[in-house]
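Below you'll find the structure, written out as structure tokens, and then a few comments.
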There are 2 protein chains.
Amino acid sequence: MFLTGKKRGYLGKKMGEDDRVARLNVTEETYVETIDALMRERGYAGVTDIAEELGIKSPSVTSMLKKLDALGFVKYTPYRNVTLTEKGRDLAAFLKEQQRSLQAFLTLLGVDEIVAENDACAIEHILQAPTLERLSKFVEFTQATPQGRSWIECFKKYEGVKKSPKR
Amino acid sequence: MFLTGKKRGYLGKKMGEDDRVARLNVTEETYVETIDALMRERGYAGVTDIAEELGIKSPSVTSMLKKLDALGFVKYTPYRNVTLTEKGRDLAAFLKEQQRSLQAFLTLLGVDEIVAENDACAIEHILQAPTLERLSKFVEFTQATPQGRSWIECFKKYEGVKKSPKR
DNA sequence: TATTATTTTTAGTTTAAACTAACTTTAGTA
DNA sequence: TACTAAAGTTAGTTTAAACTAAAAATAATA
């Protein structure tokens, strides 16, 4: 099929390394996003806050912070609040933009707000750069051109050829 | 943020259970898809074939097959070829349709064939049902209505307002 | 049919990312 | 300042899903 194995761990494709920023795996990126969000919302990010936000326990956070520090995404000093490094901020910004764009896209297509947010969040770590580009372009098109704008109206009205009686 | 922890293991949201078929985690579903594909392509699915297809080693396959058998998705008898149960076939069919639809969607938006296939494959296990519905509806719209058809032409021509010099 | 090769399984190991229990540091308050 | 509460860390455990090495079953061939 379409999956190539990696050295260890879970199944998953290995994507091209054509990204603009240094990337991490889904779990790690989620930590970076969470730290970024907390910094914005409360001005700081403590271990407990992160744990709470992610629905996990603090020791799990501590060990991941060490890892992210070693990878250069986070500045971690024991018993101190965490901060993102330049590299970490770059990634966070990238992910945030990515997510914003994805969510806009899904919403545009009529996906419910909450669902769109969730799904955007979930797939942003997975989609390849070219795909993202195309989706953004689409959103842009529907905003920047008259055809695009009118088209959206059209789609909103459209409710399918026939409601096939699905049980 | 938008992730709720689960009992154990990796971070990830818990989605609503509103699906039409019994679902599994990404890894498990990938096995089911692979078995289904092999059955179609070669008429049977051996442990080695599956392992090869997934780029992993055979013992990993054996143990997953036991699990999937216990879960009722697969008929596993030691040293025999594997088959899918009704439940397994249902899931495979669901996933195949899902993927077909996703891929069509991405391709429609101008994502390269290969990339679209990969991404469709990767996110099909993650997207929620309502999102999928919306995407399908979109594809349908672009095929079933004149507005939809003409719109695609329009989008294909569109190449953005200005190429902002990135960097 | 006996032998060899291939396929599959068993048993035990590794890894990432969670967990619990117990300890240490820091912060808050009498 | 001393004491308690809260936050964070350490050490060791668990789980899923990979892995390796070696044994067992099946298949292919002389």
Side-chain angles (χ1 to χ4, degrees), chain A residues 1 3-14 23-35 38 42-71 73-83 122 125, chain B residues 1 3-14 23-35 38 42-71 73-83 122 125:
Chain A
M1 295 197 70
L3 292 156
T4 349
K6 292 194 293 192
K7 37 312 24 185
R8 288 224 159 231
Y10 295 84
L11 256 37
K13 69 175 181 306
K14 52 170 167 249
R23 300 291 304 262
L24 296 167
N25 72 28
V26 179
T27 308
E28 292 156 353
E29 287 192 351
T30 302
Y31 274 88
V32 171
E33 283 179 300
T34 302
I35 294 164
L38 283 169
R42 330 189 173 172
Y44 65 90
V47 170
T48 306
D49 309 303
I50 301 170
E52 221 158 69
E53 210 61 39
L54 293 174
I56 60 179
K57 298 301 166 65
S58 47
S60 311
V61 175
T62 299
S63 71
M64 181 57 90
L65 290 180
K66 286 179 185 166
K67 187 178 176 187
L68 291 175
D69 180 279
L71 291 168
F73 287 84
V74 142
K75 174 74 186 143
Y76 169 75
T77 319
Y79 297 104
R80 293 275 94 84
N81 288 329
V82 199
T83 52
H125 307 282
Chain B
M1 295 198 70
L3 291 157
T4 347
K6 292 193 295 190
K7 27 344 344 202
R8 289 222 157 231
Y10 295 84
L11 257 35
K13 70 175 182 303
K14 53 171 166 248
R23 299 291 303 263
L24 296 167
N25 72 28
V26 179
T27 310
E28 293 157 352
E29 287 192 350
T30 303
Y31 275 87
V32 171
E33 282 178 300
T34 303
I35 294 164
L38 283 169
R42 329 189 175 175
Y44 64 91
V47 169
T48 306
D49 308 305
I50 300 170
E52 220 158 73
E53 210 62 38
L54 292 172
I56 60 180
K57 297 302 165 65
S58 47
S60 312
V61 175
T62 299
S63 70
M64 181 56 89
L65 290 180
K66 285 179 184 166
K67 187 178 176 187
L68 292 175
D69 179 279
L71 291 168
F73 288 83
V74 140
K75 174 74 187 143
Y76 169 74
T77 319
Y79 296 105
R80 293 275 93 86
N81 287 330
V82 199
T83 53
H125 307 283

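In what follows, every chain begins at residue 1, and chains take the letters A, B, ... in the order their sequences are listed.
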| task | Step by step, work out the side chain to side chain contact (heavy atoms under 4.5 Å, CB included) result for A:I35 and A:L65. | result | CA-CA 10 Å; A:I35 294 164; A:L65 290 180; 3.9 Å; yes

Measure [atom1]/[X] against [atom2]/[N] and give the value in whole Å, please.
X     : N      : atom1 : atom2 : answer
A:N81 : C:dT26 : CG    : P     : 13 Å
B:M64 : D:dA16 : CE    : P     : 10 Å
A:I56 : C:dA17 : CD1   : P     : 11 Å
B:D49 : C:dT7  : CG    : C1'   : 10 Å
B:I50 : D:dA17 : CD1   : C1'   : 15 Å
B:L71 : D:dA16 : CG    : C1'   : 13 Å
B:E52 : D:dA18 : CD    : P     : 16 Å

| message | Using the salt bridge (Lys or Arg N to Asp or Glu O under 4.0 Å) criterion, which residues pair with B:K66? Sequence neighbours excluded. | response |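 Checked B:K66 against salt bridge (Lys or Arg N to Asp or Glu O under 4.0 Å); zero matches.
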
| Under the salt bridge (Lys or Arg N to Asp or Glu O under 4.0 Å) test, which residues partner A:K57, sequence neighbours left out? |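 Residues passing salt bridge (Lys or Arg N to Asp or Glu O under 4.0 Å) with A:K57: none at all.
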
Nearest to side-chain heavy atoms of [X], which nucleotide of [options]:
X     : options                : value
A:K57 : D:dG8, C:dC19, D:dA18  : C:dC19
A:Y31 : D:dA18, C:dA18, C:dT8  : C:dA18
B:N25 : D:dC19, C:dA17, D:dA16 : D:dA16

| field | Those residues that, when tested against B:Y79, pass side-chain contact (heavy atoms from CB on, under 4.5 Å) (two or more places apart) | value | none

| Looking at residues at least two apart in the chain, or sitting in another chain, which of them share a side-chain contact (heavy atoms from CB on, under 4.5 Å) with B:T83? | B:M39, B:K75

| query | Just how far is it from atom OH of A:Y31 to atom CD of A:E53, taken to the nearest 0.5 Å? | reply | 12.5 Å

| task | State which residue, out of B:V26, B:N25, B:V32, B:T30, fulfils the side-chain contact (heavy atoms from CB on, under 4.5 Å) condition with B:E28. | result | B:N25

Taking only N/O atoms, report every protein-nucleotides 9-12 of chain C pair under 3.5 Å with atom names and distance.
from: C:dT9; atom 1: OP1; to: B:Y76; atom 2: OH; distance (Å): 2.3
from: C:dT9; atom 1: OP1; to: B:Y79; atom 2: N; distance (Å): 3.0
from: C:dT9; atom 1: OP2; to: B:T62; atom 2: OG1; distance (Å): 2.8
from: C:dT9; atom 1: O5'; to: B:Y76; atom 2: OH; distance (Å): 3.4
from: C:dT9; atom 1: O4'; to: B:Y79; atom 2: OH; distance (Å): 3.4
from: C:dT10; atom 1: OP2; to: B:K66; atom 2: NZ; distance (Å): 2.5

| task | Indicate whether OP1 or OP2 belonging to C:dC19 is found under 4.0 Å from a side-chain N or O atom of A:S60. | result |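 Yes, within the criterion.
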
